[in-house]
Amino acid sequence: MTVVQMETFAKVAELKSFSAAADALGYAQSTVTTQIRQLEEELNCLLFERLGKRTVLTREGSRLVPYAEKMLSLMKEIPAGIASPDEPAGMLRIGVSESLCYHRIPGLLLRYKEQNPKVDLRISFVEHRTFPEQLKQGVLDMVYTLNPLIESPGLKLLHKTKESLGFFAAPDFLVKTRKSLTEADLADMPLLLTGHQCSFRAMLLAALEKENIRPNIILETSSKSILKQFAVNRFGIAFIPDMIAEEEVRKKTLKKLPWAGAEFPIFAQLFVHKDKYVNAAMQSMLDILSADQRI
């Protein structure tokens, strides 16, 4: 079997169409059909079935998909893996948490590209629930995430920096006049929270539940920008990472409320899969992050 055959197989599996795969790859449809037939003959099994106008994977075809993905991923890694350590090159695929893109990532990537002009950076947003599998499948090379400390046998932690979460409201938003706030003070306050899958939200709700406080959630969204905007317009109190609200605090459109309740430890963390070889392009990213470490 060849890389070309695997690429063709993966494209047919993705698009569920021989003709669409041919168009995407720039082949004649007969070429795609021939490559799949040759692959089926070598593996001695049927990879696709045509059910009317539909093309579906057989059980054997489904089993081949992760192998094809790994094979194609390794091919993409070769340029970076064999490049001179003095001049990183190739493609580097990085998954990042949305929160880090408000402050940390833009400057980091600018410095990286200045130092590594031959590296082709590919950036995508990730969720903490799914990124370990993306690293395992080779869809991503590295992940830079903002979360509570993550410990997983399938991951290797290369770098971490402690960050902080806070409660933010408009300067004239009515809150109880206290030197500091605790969970009890949040009982009747309108809260602006991240979505159900967000670890920040889970940490806060766990702290409130421990104190038997039922939260008054008036808005929940995965968009930190929307949370900030609602807070600026005095709809409630946003619970978000401090780094996200830095500009608004500087402009005095938001203020950070004094908090004396439970701690919410979070970290900016850089991960690779436990078996991943850290090539020159990846090491350069790690070096830049380490140089930028604040604590």
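Only this structure's heavy atoms are used, side chains among them; waters, hydrogens and symmetry mates stay out.
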Answer yes or no: are there more than 12 heavy-atom neighbours, outside Asp275 itself, under 6.0 Å from its atom CG?
-> yes
Do Ser223 and Thr221 have side-chain atoms, one donor and one acceptor, less than 3.5 Å apart?
-> no
Donor-acceptor side-chain pairing of Ser17 and Thr55 below 3.5 angstrom = no
Go through the side-chain N and O atoms of Gln197 and Glu127 and say whether any donor and acceptor fall under 3.5 Å apart.
-> no
Considering only heavy atoms from C-beta outward, does the side chain of Tyr144 approach that of Leu289 to under 4.5 Å?
-> yes
Do other residues, nucleotides or ligands put more than 12 heavy atoms under 6.0 Å from the CD atom of Glu209?
-> no
Any donor and acceptor pair, going by atom type alone, linking the side chain of Ser73 with main-chain N or O of Gly138 inside 3.5 Å?
-> yes
More than 12 non-hydrogen atoms from neighbouring residues, nucleotides or ligands closer than 6.0 Å to NZ on Lys118, yes or no?
-> no
If you round to the nearest 0.5 Å, how far is OH of Tyr67 from CG of Leu72?
-> 15.0 Å
Does the pair Glu247 and Lys251 meet the rule for a salt bridge (charged side-chain N to carboxylate O under 4.0 Å, His left out), with working shown?
-> CA-CA 6 Å; Glu247 183 176 355; Lys251 293 180 177 179; 2.8 Å; yes
Approximate separation, where rounding is to 0.5 Å, of Leu191 CG and Arg201 CZ = 10.0 Å
For residues 234-244, which side-chain N or O atoms pair as donor and acceptor with protein atoms under 3.5 Å away, sequence neighbours left out?
| unit_1 | atom_1 | unit_2 | atom_2 | d |
| --- | --- | --- | --- | --- |
| Asp242 | OD1 | Gly166 | N | 3.3 |
| Asp242 | OD1 | Lys256 | NZ | 3.4 |
| Asp242 | OD2 | Ser164 | OG | 2.7 |
| Asp242 | OD2 | Lys256 | NZ | 2.5 |

Electrostatic pair Lys11:Glu7 at N-O distance under 4.0 angstrom = no
Atom pairs and distances, side-chain donor-acceptor, residues 57-65, under 3.5 Å, sequence neighbours left out:
| unit_1 | atom_1 | unit_2 | atom_2 | d |
| --- | --- | --- | --- | --- |
| Thr58 | OG1 | Leu46 | O | 2.5 |
| Thr58 | OG1 | Leu47 | O | 3.3 |
| Thr58 | OG1 | Glu60 | N | 3.4 |
| Thr58 | OG1 | Glu60 | OE1 | 3.4 |
| Thr58 | OG1 | Gly61 | N | 3.1 |
| Ser62 | OG | Thr58 | O | 3.2 |

Gap between atom CG of Asn147 and atom NE2 of His128 - 0.5 Å precision = 6.0 Å
For the residue pair Phe9 and Phe48, categorise the inter-ring angle as parallel (less than 30°), tilted (30 to 60°) or perpendicular (more than 60°).
-> tilted
